[in-house]
Amino acid sequence: MDSREEAIYNKALAAMALMGFLSFLLLSIYRKPVSLVPFYGAITFLTIVFIGYFFTGWIFPNSDKFLFILAGFLAELGLIMLCRINPELFKRQVAFFAIGVGFFILSSILTKYFVRLDVAPFYFWAATAALLLLPLFFGVERGGAKNWLVFNGFTFQPSELAKITFVFYLASVLKEGKVNSIYRLGAGILAVTGLLALSKDLGGAMLFYFTALTVIFAATSRLDLAVGGILSAAVGGIISYNLFDHVRVRIEAWLNPWRDVPGRGYQIVQSLFSIAEGGYFGTGLGLGRPDFIPAVATDFIFSAFAEEFGFLGAAAVILMYFLLVYRGIRIALRLNENFLVLLALGHTVMFGMQIFTIIGGVIKLIPVTGVTLPFMSYGGSSMVMSFTSLGILNGLWQRALEGEDDDEA
Amino acid sequence: MYEILAQIVKFLLIGLIYYFLYNFLKLMVLDLYEERRSSEETVYYLQCEDGREFPVRSVTTIGRAKDSDIVIDDPYLSSKHAMIYKKGRKMIIQDLKSTNGTYINGKRIKRAVALRENDVITMGSRKFTFLRREARGLERGSDL
């Protein structure tokens, strides 16, 4: 490893640790009576980050530390906001973060040594469909979407895991660089999207559909498929606007939230007020009023962040997500085999789409759909599965470096 | 009391966020620098029949198009005719589905093949010899 890079990573880690200590100490005196829970939480969090950092560095000497530290920093910003909004959720989120780091290491190892190229795409598709069917039969409804499974008090969102299997499906079906049967591929993608729409997870449906389009375009460079896909998405959107009530509600709340502020437009209006309140530098940690926004800990954490850290903080977060996507694309460019390239690209696009969908939603650029902001939002499934995706990218990076060494020999 | 503290810390926190971001942007610049370094010239070059020499970089495109690395104004060439790239220590040539094809030592190539020294590459009506630049390579070595 380059010593110059190492020095930069160390500086970034120091900034992260200082940021954690300062903000969590501040949060410790935020509530009366003074409690040191946030501070202990911060120490636990930073310990996990450092253990994860050194452990991955130890088992993979050229692990992609960039991804891990960036994700850790974003998780830290999310934890700061959660701790300020609701300390109970904060405690659980620290535990989820620890599990996520574990999965990051596990999936790096699995991807590096065990990803085979010759599994038939059907199995991945079947796994995706099964994961999405489960909640339709046994699921419970939370926040308008029926996509949660409950096992004795422990809840899990199968669609988060389905994201990973779906990307595997796309990569394996397109690994020859051409579409073998357009009808079968179209039916597979539409079935998955339809299942998501049935459980009223509109954000998820949009995410899966546009990821599929992007990966197909990257694999085949066929403009006709991309244009056809976007047109059929538009047609599908218009049809569902006229047929389904919950779609119409969201679109109307997006087009004109001011018409029904106490009702349908309440969430988005509060989010906009919150962002506007922040100004350039924000109100200061703990001085804003993000509690007015419904679902502020999960979907709308970005508005809460924008309120208390201001436009500058929010812009920095968006730039960090850009860097994450940049690094993913870089990994994809370094790989040789088509399947692995598409795998890396698919996971990166999934991240990018998800970030665009939710940040665009809370700033009223596009209609709000309930997807989580990776690494920042509260939610165990989201946190763990985001780290798993990141681990897959890290494993692919190992394979890219390995492939280059083989060529040299 | 808390409010004053929070107001002060707010600027510190934003400063820290941007310091972190600055470090990562610097890493990105390092990445790009590394990419550019690996796209530098190689020790190989192509010699045309009329004596002109074209240096081969680690990715070199050949064709009539003005943005090719080696622009050859010949009606028998396609606008993007062929590409030579470095893979490990080997140089690979690949025909980019050109109309009139690319020939190595008289044989038309269909897939990417590794080039050896003194191979004769025929594209359209032009012949090129793939050569290694010994003397200049040494000069460059002393430069480093």
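It should be emphasised that the depicted structure is a prediction, and the values quoted were computed from it without experimental measurement. Below, read A as the first sequence line, B as the second, and so on, with proteins coming before strands; counting in each chain starts at 1.
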_Looking at chain A, which one of B/L25, B/N23, B/I8, B/V9 has the largest number of heavy-atom pairs inside 4.5 Å, strictly under?_
B/N23
*Assess whether atom CZ of A/F50 is packed by more than 12 heavy atoms of other residues, nucleotides or ligands within 6.0 Å.*
yes
*Could you give me the CA-CA distance, side-chain angles and deciding distance for B/L13 and A/M19, then say whether side-chain contact (heavy atoms from CB on, under 4.5 Å) is met?*
CA-CA 6 Å; B/L13 292 183; A/M19 172 102 195; 4.1 Å; yes
*Sort B/L12 into side chain, backbone, both or neither according to what part of it lies under 4.5 angstrom from a heavy atom of chain A.*
side chain
*Applying side-chain contact (heavy atoms from CB on, under 4.5 Å), run through B/F20 and A/L70 and close with a yes or a no.*
CA-CA 9 Å; B/F20 181 88; A/L70 203 56; 3.8 Å; yes
_Flag if over 12 foreign heavy atoms under 6.0 Å of CD, B/Q47_ = yes
_Heavy-atom cut-off 4.5 Å, strictly under: side chain, backbone, both or neither for A/F66 against chain B?_
both
*Over 12 non-hydrogen atoms of neighbours within 6.0 angstrom of CG in A/D224*: yes
*With a 4.5 angstrom heavy-atom cut-off, could you sort out which part of B/I14 is near chain A: side chain, backbone, both or neither?*
side chain
*Between the side chain of B/Y18 and the main-chain N/O of A/L312, is any donor-acceptor distance below 3.5 Å?*
yes
_A/V317 vs B/I17, side-chain contact (heavy atoms from CB on, under 4.5 Å): CA-CA, chis, key distance, verdict_ = CA-CA 9 Å; A/V317 166; B/I17 292 178; 5.9 Å; no
_Portion of B/F11 that has a non-hydrogen atom of chain A nearer than 4.5 angstrom_ = side chain
_Partner residues of A/F311 under the ring pair (Phe, Tyr, Trp, His ring centres under 6.0 Å) criterion, sequence neighbours left out_ = A/Y280
_Using the rule given for side-chain contact (heavy atoms from CB on, under 4.5 Å), can you reason through B/F24 versus A/M320, listing the C-alpha separation, both sets of side-chain angles and the distance that settles it, and then say yes or no?_
CA-CA 8 Å; B/F24 271 75; A/M320 280 179 217; over 6 Å; no
*Report yes if some heavy atom in the side chain of B/L5 is under 4.5 Å from a heavy atom in the side chain of A/I29; otherwise report no.*
yes
*asked:* Are there over 12 heavy-atom neighbours, none belonging to B/F54, within less than 6.0 Å of that residue's CZ?
replied: yes
*From A/K11 atom NZ to B/Y22 atom OH, the distance as rounded to the nearest 0.5 Å*: 7.0 Å
_With heavy-atom distances below 4.5 Å as the criterion, would you say the side chains of A/I8 and B/L30 are in contact?_
yes
*For B/R108, does the CZ atom have more than 12 heavy-atom neighbours from other residues, nucleotides or ligands under 6.0 Å away?*
yes
_Take a 6.0 Å sphere around NZ of B/K80 and say whether it holds more than 12 heavy atoms from other residues, nucleotides or ligands._
no
*Of all heavy-atom pairs between B/Q7 and A/T283, which one has the smallest distance, and what is that distance?*
NE2-O, 3.5 Å
*Going by residue number, which parts of residues 73-87 of chain A are within reach of chain B, meaning a heavy-atom gap below 4.5 Å?*
A/F73, A/L77
*Taking atom CZ of A/R330 and atom CG of B/L32, what is their separation to the nearest 0.5 Å?*
8.5 Å
*asked:* With a 4.5 angstrom heavy-atom cut-off, is it the side chain or the backbone of A/L26 that approaches chain B, or both, or neither?
replied: both
